[in-house]
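Working notes, structure below.
These numbers come from the heavy atoms of this one structure, side chains and all, not from hydrogens, waters or symmetry mates. Whatever order the structure lists ligands and atoms in, that order sets their numbers, starting from 1. Along the sequence shown, residues carry numbers from 1.
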Amino acid sequence: MPSEGTAQGIGAGAMLAILRDGQARTRAELAQLTGLARSTVSQRLDALMDHRWVVATEDSISSGGRPAAAFAFNESVRVVLAADLGASHARLAVIDLGMTVLAERAAELPIDGGPEATLTWLVTAFQEMLAETGRDLTQVCGVGVGLPGPVEHASGRPVNPPIMPGWDAFPVPEWLGERLGAPVLVDNDVNIMALGEHWTARPEVDHLIFIKIGTGIGCGIVSDRRLHRGAQGAAGDVGHIRVTSSDVVCRCGNVGCLEAVAGGAAMAAALRAEGVDVQGSRDVVALMRAGSATAAQLIRQAGREVGGVMASIVNFFNPSVIVIGGDIAEAGEHVLAGIREVIYSRSLPLATQHLSIRASELGDRAGVIGAAVMVVEHVLAPGTIDQTMAG
Ligand SMILES: [Zn+2]
């Protein structure tokens, strides 16, 4: 039977959503904001306090007389476990519901070791980190994981990931959920990075593109403040847009892809062809920093190639912010200059009028912050809160 509040569309979950902006509010303020009777507001608050989502505090702004009781979102009541798994390294964090990072860890972890070895390591590391923060598994409300390959979002399973042998269709959410006792959400690494950058840019930015230039190239799209995944979760795969008629072969099997000319792996290969000993995208940036004119030139040219694709995307999607991340973004202005040059010269003036193109603010942390945002938005969605409290 629906409760009175649900019938009016303002359940406990919707009231919690109001309190999530961090401002403590009195019963009177909440009644005014929701249009609910004071008695109903009290009822909702009692339920939220029973579940410790909300704590009573004192209204510091009331002047004179007895301070009114106020209520605030209890950010520290639960934690999220966040993991950003790359091709060879992992970054993990324990983050509370106010997005404060309580513990963080980075490690070398080759993803081609397969799902069971990788995820077993992950479970142990998370348990150690929880112990460090004085928390335990009962306080974990969700787990967010980013993987370096395509993920079917609904099932959280990787789909033919090119650099992840053994991971195809592996049930990551079920496997981790059994061991960590919390809901597990999985997405590809670029999408969670886009969520992380959007979180830092909120609330002004509604339409944002995050482009990762690392070994490969991909982008995450935030449209109307929501991640746009597309029909199958493949949206944003700009690395395989054809940019040249030359027959340079891409790892996807096609020729002339953006990634095959401007990705970190392609730049490293170009340098090796000149007899320079480099392995990957990080080496290319290190070489540029050490003063290599060839590396600097390659990075600038890669920026122009990426800019060419982005110029079309700007016309098509009209974002207000483009954030550049990934290893190659560490090259800073060398890569940004090339991207800006082409976007501003080729996109429509109306689309670029207020467009900001900048490097990632979160850097290496974008993935774990975004993984936590993905989980928090799910766990604290009004519908989920009402459901949890009914159960
Ligand atoms: Zn390709």
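- Smallest separation of non-hydrogen atoms from Arg44 and Gly11: CD-C, 3.5 Å.
- Of the possible donor and acceptor atoms, none in the side chain of Asp327 sits under 3.5 Å from a partner among the backbone N and O of Ser281.
- Taking 2.8 Å as the limit, the number of protein N, O or S atoms around the Zn ion (ligand 1) is 4.
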* Asked: Taking it one step at a time, do Glu132 and Arg135 satisfy salt bridge (charged side-chain N to carboxylate O under 4.0 Å, His left out)?
  -> CA-CA 8 Å; Glu132 279 167 31; Arg135 306 280 190 144; over 6 Å; no

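- A salt bridge links Arg340 with Glu333; the closest basic N to acidic carboxylate O contact falls under 4.0 Å.
- A donor and an acceptor atom, one from each side chain of Arg304 and Gln301, are located under 3.5 Å apart.
- Ring geometry, Trp175 versus Phe170: the interplanar angle falls from 30° to 60°, so the pair is classed tilted.
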